[in-house]
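As structure tokens, the structure follows; a few thoughts come after it.
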Amino acid sequence: MRRNFFLLMLSLACIVAASPAEGNLNHLRGQTSPYLKRAVSQPVDWYPWGPEAFRRASELNRPILLDVGAVWCPWCTLMDRDTYTNVETADYINQHFVSIKVDFDSAPELVAQLQRAQAVLNLPAGLPLISFITPEGKLYFGAGYLPAERKAGKPSFREAAEEARNRYADKTKIEEESFQLEVPWKP
């Protein structure tokens with residue numbers, strides 16, 4: 001009886017130890033930023049800012065979803081909790097975008113560039129800062145906080161993401177209405 005109890009407890013311990021982050025395809029493992037660490041267990045296949053994500057977007061011919069936030073930002077926390085942990089939303093994101101997550105406090109030059117670009121394009125430039133970018137580094141659409149479901153007249157993340165996908169399909173419009181970001185590598 002004691003042996004069975006011991007085996008049962010050992011089995012339960014193994015199940016608990018196998019957290020969602022271990023099975024996740026998320027590329028944020030090993031990042032030191034508290035904001036990025038918090039996202040490791042999210043079902044969105046996040047990449048850190050870097051050439052790997054841009055290469056992947058180019059290979060798949062998908063736009064990039066870039067999320068900039070901070071651990072101290074309540075709207076970022078809400079979006080992480082309600083939008084990015086929503087399995088249906090995460091599946092949609094993973095099917096149609098290559099996703100990058102950036103910590104506001106760890107990348108001030110990039111954040112300043114994104115905020116200027118979104119302001120030039122008359123898009124929200126606060127936190128969370130949601131940007132949609134081509135694999136070549138052209139910012140063409142963006143938003144602020146987006147809930148998983150439409151609330152109080154605010155579009156859902158899915159509605160905004162579908163608009164971003166539709167705009168991505170119109171390459172001529174992107175050439176006319178986008179902002180080329182300066183990236184430290186060739187996408």
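Numbers here are sequence positions counted from 1. Quick caveat: nothing in here was measured; it's all calculated off a predicted structure.
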Gap between atom CG of L121 and atom CZ of F179 - 0.5 Å precision
7.5 Å
Suppose we screen for side-chain contact (heavy atoms from CB on, under 4.5 Å). Which residues come up paired with T89, at least two apart in sequence or across chains?
T83, N86, I93, A148, F157
With Y145 via ring-ring contact (aromatic ring centres under 6.0 Å, His included) - residues at least two apart
W75
Applying ring-ring contact (aromatic ring centres under 6.0 Å, His included) as the test, list every pair that has at least one member in residues 102-139; sequence neighbours left out.
W72-F104, F97-F132, F132-F141
Sidechain N-carboxylate O distance under 4.0 Å for E52, R56:
no
Measure the CZ-CG distance between R165 and L65 for me, rounded to the nearest 0.5 Å.
13.0 Å
State, yes or no, whether a side-chain contact exists between L181 and K138 at a heavy-atom distance under 4.5 Å.
no
Got a sec: does the NZ of K171 have more than 12 other heavy atoms crowding it under 6.0 Å?
yes
Backbone N/O of D45 and side chain of N94: donor-acceptor pair under 3.5 Å
yes
Determine whether I130 and L66 make a side-chain contact, defined as any pair of heavy atoms from C-beta on separated by less than 4.5 Å.
no
Classify the side-chain pair Q31/S33 by whether it contains a donor and acceptor separated by less than 3.5 Å.
no
Indicate yes or no: at least one non-hydrogen side-chain atom of D67 is less than 4.5 angstrom from one of Y35.
yes
Listed pairs under 3.5 Å, donor-acceptor, residues 108-120 side chains, sequence neighbours left out:
| residue | atom | partner | partner atom | Å |
| --- | --- | --- | --- | --- |
| Q113 | OE1 | E182 | N | 2.3 |
| Q113 | NE2 | E182 | O | 3.2 |
| Q115 | NE2 | A125 | O | 3.0 |
| Q118 | OE1 | S131 | OG | 2.5 |
| Q118 | NE2 | P124 | O | 2.4 |

Is any side-chain heavy atom of H96 closer than 4.5 Å to one of D91?
no
When rounded to the nearest 0.5 angstrom, what is the spacing between CG in L36 and CZ in R29?
14.0 Å
Within the 4.5 Å heavy-atom criterion, are T77 and V71 side-chain neighbours or not?
no
How would you list, by chain and number, every residue that makes a salt bridge (Lys or Arg N to Asp or Glu O under 4.0 Å) with R81, sequence neighbours excluded?
none
Dump the intermediate steps for side-chain contact (heavy atoms from CB on, under 4.5 Å) on K101 and Q42, then the final yes or no.
CA-CA 11 Å; K101 199 153 190 73; Q42 291 175 358; 4.1 Å; yes
Interatomic distance, S99 atom OG to L28 atom CG [nearest 0.5 angstrom]
10.0 Å
Salt bridge (Lys or Arg N to Asp or Glu O under 4.0 Å) against E177, all qualifying residues, sequence neighbours excluded:
none
Around atom CD of E149, are there more than 12 heavy atoms of other residues, nucleotides or ligands at under 6.0 Å?
no
Is the backbone of P43 close enough, under 3.5 Å, to the side chain of N26 for a donor and an acceptor to pair up by distance?
no
Audit row: E59, R55, salt bridge (charged side-chain N to carboxylate O under 4.0 Å, His left out) steps and yes/no:
CA-CA 6 Å; E59 288 168 5; R55 266 194 306 277; 5.6 Å; no
Using side-chain heavy atoms (C-beta onward) and a distance below 4.5 Å, is S178 in contact with T134?
no
So do M79 and Y84 actually touch side chain to side chain, heavy atoms under 4.5 Å?
yes
Which heavy atom in L127 sits nearest to a heavy atom in G69, and how many Å separate them?
CD2-CA, 4.2 Å
Note, P63 side chain near I133 side chain (heavy atom, < 4.5 Å):
no
Between the OH atom in Y168 and the CD1 atom in I64, the distance rounded to the nearest 0.5 Å is 8.5 Å
SB check E163 R167 (cutoff 4.0 Å):
yes
Would you check, one step at a time, whether the test side-chain contact (heavy atoms from CB on, under 4.5 Å) holds for E162 with Y92?
CA-CA 10 Å; E162 286 175 357; Y92 179 82; 3.0 Å; yes
For the atom pair CG (D80) and OG1 (T85), what is the distance rounded to the nearest 0.5 Å?
8.0 Å
